[in-house]
Amino acid sequence: MTGSGRCRTFWWAFLVLMGLSSAWTFATPLMGVPDEPAHVIKAAAVVRGELTGREMPDGGAFQLVTVPAGIGYFDTFGCFAQKKDTPPSCVPPFSGDQSALVDARTSAGNYNPIYYAVVGLPSLLNNGAAAVYGMRLVSALLSCLFLASAFSALSQLRRRKWAVAATAAAMTPMVLFLNGAVNPNSLEYATSAALLANLVLLLERSAEPGAYRRYVPVITAAACVLANTKGLSLLWLALMAVTAGLLGTWPQIKALSRNAWVWAGSAAIGLSCAFALYWITRHDSLSSNPFEAAGSSPLTGAEIMLDRTFDYATGYVGQFGWLEVPAPMGAFVLWLGLGTALVMAAVVLARGRGRTATVFLLAALLLLPPLLQAQAVGTIGIVWQGRYILAVFVPLLMVCGLALDRMDARGFSPQAAAILNAMAILVAAFHFWTFAHTLRRYVTGWAVDRRWFEMITEPSWQPPGGTLLSLAGFAVVLLVALWLLRRAVRAERRAIEPTV
C-alpha cells in the first residue's frame, strides 16, 4: 500500500469512529456514564496542578481535590443514575459563581494523572457543561486516533481481509459509548489495539529497513500511553507483547532485536512502565471502596466470578448509563454471536501461530477476571464489570481475523462478499437501534406509560441540538461506514480475482 493509501485508510477510519463516538458524546447526558463525575473532577484538578487528592475527613477511598464550583457541581448529578424511568431533567440547577474554587470528592484521586492531564484541558477554558463536552471530545479524539492507527496498520498487511472485518465487528456500541465519555477505559482498548496491530505489521515488514522509522514511533506512543492509563494497563501491555511474539516467527523477532529504532523505543517504553509501576505502588491506585462479597476468601471470589463469566460478556456489547440501560437483546445476540463465530473459526480452522495466539487471548479473557478478583476480593469485594477487559476483547477479535487470513490467502468469494455486506447492514441497523434505544431512556425515561413518539412530541430532556439531529447525525455516519466497508470488500475481491 502506498503512503497516500495509508493516509486515506487512517483518516477515513478516524472520521467514522470520531463521528460515531461524538454522537454518543452529545446523546449521553452529563454524568450519564459510570464514574464520570469522579473522572471529570480528577481531570480538572490535575490540569490545575493537583495530581493526587487529600484524604477525606471520614477516610475511605474518596479523596478531596480543589476545583472550580462549576466542575464540583457535577458530583450532584446522581438523581437519575441507575433509575431508568427518571430522565436527567431532575438535576437541580447550578447557583453561584462557577469559577469559585471549592473542595470536591473523587474516587479517582489516586489514579495515574497522564490521561487526565490531557483530557482536563477544556476545563481551563470553561467551568460548566461546555467543559465536560470538551473533555469528552478530547477523550474521543485520543481513542479514535489510536483505533484508526490499528485499522491503518491492519490494512497494510499482505493478508488483511478478515483482520479488518473482525476488528470492525469489535467496534461494539459499548466501545463507541465509552469513546465519547470521560473515562480512561476507552484509551485502554484503543491503545491495546493500536499496539498489537502495529507490532504485527512491524514483524511482517521486519526485513524492510524503512519500516522501523514508520512503525516504531507509533508502537512506542501506544505502549507508553497504555502503560499509564489505568491500574491494570501494564498487564494488558504485557499481553499484547506476548501475543505479537506468538504471531511472529523467530527470524522476525531476531531482526527486531537488532534494530536501533526498536532499542530506542523499548527504552522509552521501559521508562514509561517504570513510572506507571511507581505510581501504582506509591499511590495505591488499585484500592477501592469495599463492594459485594468483601472479606470473602479467594476461592469464593473466583467461584462467584466464574459463575458470572457470561453475564459480564454483556459489558462487551452495551451496558449504558450507570449500568441500568442494557442494549436491546438483539444487539447482545448479534455481537456475542459474531464474536463466538470468529473465535470458533480461528480455533477450529486456523493452524499454527494464529491458533495459538487466539487460544492465548481467549484464555486471558475468560480466566483473568476470576484470578484478579480472587486476590482482591478479601479487601474490595467483587467490583468487576465487563468493560474492564475490553482491552483484551477487542484484540482477541483482531487476532481471530489475523489467524483466518493466514489460513486462506484468497480474496472474498462472491458468496462471502454478499454475506459480509448483508452482515454489515445488520450491524449498522443494530448500532442505530441501540443508539435510539439508549437515547430514549434519557429523553423520556423508560416509564411504562411513555412511548417512542414522545421522544419528539413530549421530551423531558434533549441532547444539544435536539433528538432528531442526534438520530440523523448518527445515521449519516453509519451510512458512510457502510459505504467504506462495501468498498473494502469489493477491493479485496478485485485484488485477488483473476481477470478474464
Side-chain angles (χ1 to χ4, degrees), residues 1 6 9-10 13 145-160 162-164 166-167 170 187-229 233-270 272-273 346 350 352-361 364 390-406:
M1 179 178 286
R6 289 194 299 270
T9 301
F10 174 86
L145 283 172
F146 281 110
L147 288 172
S149 170
F151 278 103
S152 177
L154 294 173
S155 71
Q156 296 173 63
L157 294 171
R158 296 184 184 95
R159 299 182 182 183
R160 57 183 178 260
W162 286 112
V164 173
T167 307
L187 200 54
E188 268 195 319
Y189 56 70
T191 49
S192 292
L195 175 61
L196 181 57
N198 282 279
L199 277 172
V200 170
L201 178 59
L202 181 61
L203 284 165
E204 182 175 284
R205 304 289 180 87
S206 58
E208 303 174 15
Y212 294 90
R213 67 173 180 271
R214 286 199 300 270
Y215 308 128
V216 170
V218 179
I219 291 167
T220 303
C224 289
V225 173
L226 173 58
N228 289 279
T229 302
S233 296
L234 286 171
L235 176 58
W236 311 145
L237 173 57
L239 286 177
M240 295 308 106
V242 172
T243 302
L246 291 173
L247 289 166
T249 65
W250 178 241
Q252 290 172 336
I253 296 171
K254 238 167 107 173
L256 262 62
S257 68
R258 295 171 176 170
N259 186 271
W261 280 90
V262 174
W263 279 103
S266 299
I269 294 168
S272 178
C273 290
R353 294 185 297 274
R355 175 193 276 177
T356 302
T358 300
V359 172
F360 173 71
L361 277 186
L390 281 169
V392 176
F393 173 76
V394 173
L396 171 61
L397 295 196
M398 180 193 299
V399 168
C400 290
L402 291 167
L404 293 173
D405 282 329
R406 294 182 176 199

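Side chains included, hydrogens not; waters and symmetry mates left out as well; all remaining heavy atoms used.
Checked by atom type and distance alone, the side chain of Arg355 pairs as donor or acceptor with a backbone atom of Ala350 at under 3.5 Å. At distances below 3.5 Å, at least one donor-acceptor pair connects side-chain atoms of Ser206 with backbone N or O atoms of Leu203. At least one donor-acceptor pair closer than 3.5 Å links the side chain of Arg205 to the backbone N or O of Gln156.
In this structure, Leu199 and Ala241 approach most closely via the heavy-atom pair CD1-CA, 4.4 Å. Of all heavy-atom pairs between Leu187 and Thr191, the closest is O-OG1, 2.5 Å. Of all heavy-atom pairs between Ala163 and Thr167, the closest is O-OG1, 2.8 Å. Of all non-hydrogen atoms in Phe151 and Thr9, the two that sit nearest each other are O-CG2, 4.0 Å.
Qualifying side chain to side chain donor-acceptor pair (under 3.5 Å) partners for Ser233, counting only residues two or more places apart in sequence or in other chains: Glu188. Remark: Leu246 pairs with Val242, Thr356, Ala357, Phe360 by the side chain to side chain contact (heavy atoms under 4.5 Å, CB included) rule, at least two apart or across chains. Contacts of Ala148 classified as side chain to side chain contact (heavy atoms under 4.5 Å, CB included), with partners at least two apart in sequence or in another chain: Phe10, Ala13, Phe14. Looking at residues two or more places apart in sequence or on another chain, you find a side chain to side chain contact (heavy atoms under 4.5 Å, CB included) between Ala153 and Ala197, Asn198, Leu201. Here Thr220 pairs with Val216, Cys224, Ala268, Ile269 under the side chain to side chain contact (heavy atoms under 4.5 Å, CB included) rule; sequence neighbours left out. Partners of Arg213 under the salt bridge (Lys or Arg N to Asp or Glu O under 4.0 Å) rule, at least two apart in sequence or in another chain, do not exist in this structure. Partners of Trp162 under the ring pair (Phe, Tyr, Trp, His ring centres under 6.0 Å) rule, at least two apart in sequence or in another chain, are Phe412. The ring pair (Phe, Tyr, Trp, His ring centres under 6.0 Å) check on Phe146 picks up nothing, with sequence neighbours excluded.
The CG atom of Leu196 sits 7.0 Å away from atom CG of Leu402, with the distance rounded to the nearest 0.5 Å. Here Arg160 contributes atom CZ and Arg158 contributes atom CZ; the two are 11.0 Å apart, rounded to the nearest 0.5 Å.
The list of side chain to side chain donor-acceptor pair (under 3.5 Å) pairs with a residue in residues 257-267, not counting sequence neighbours, is empty.
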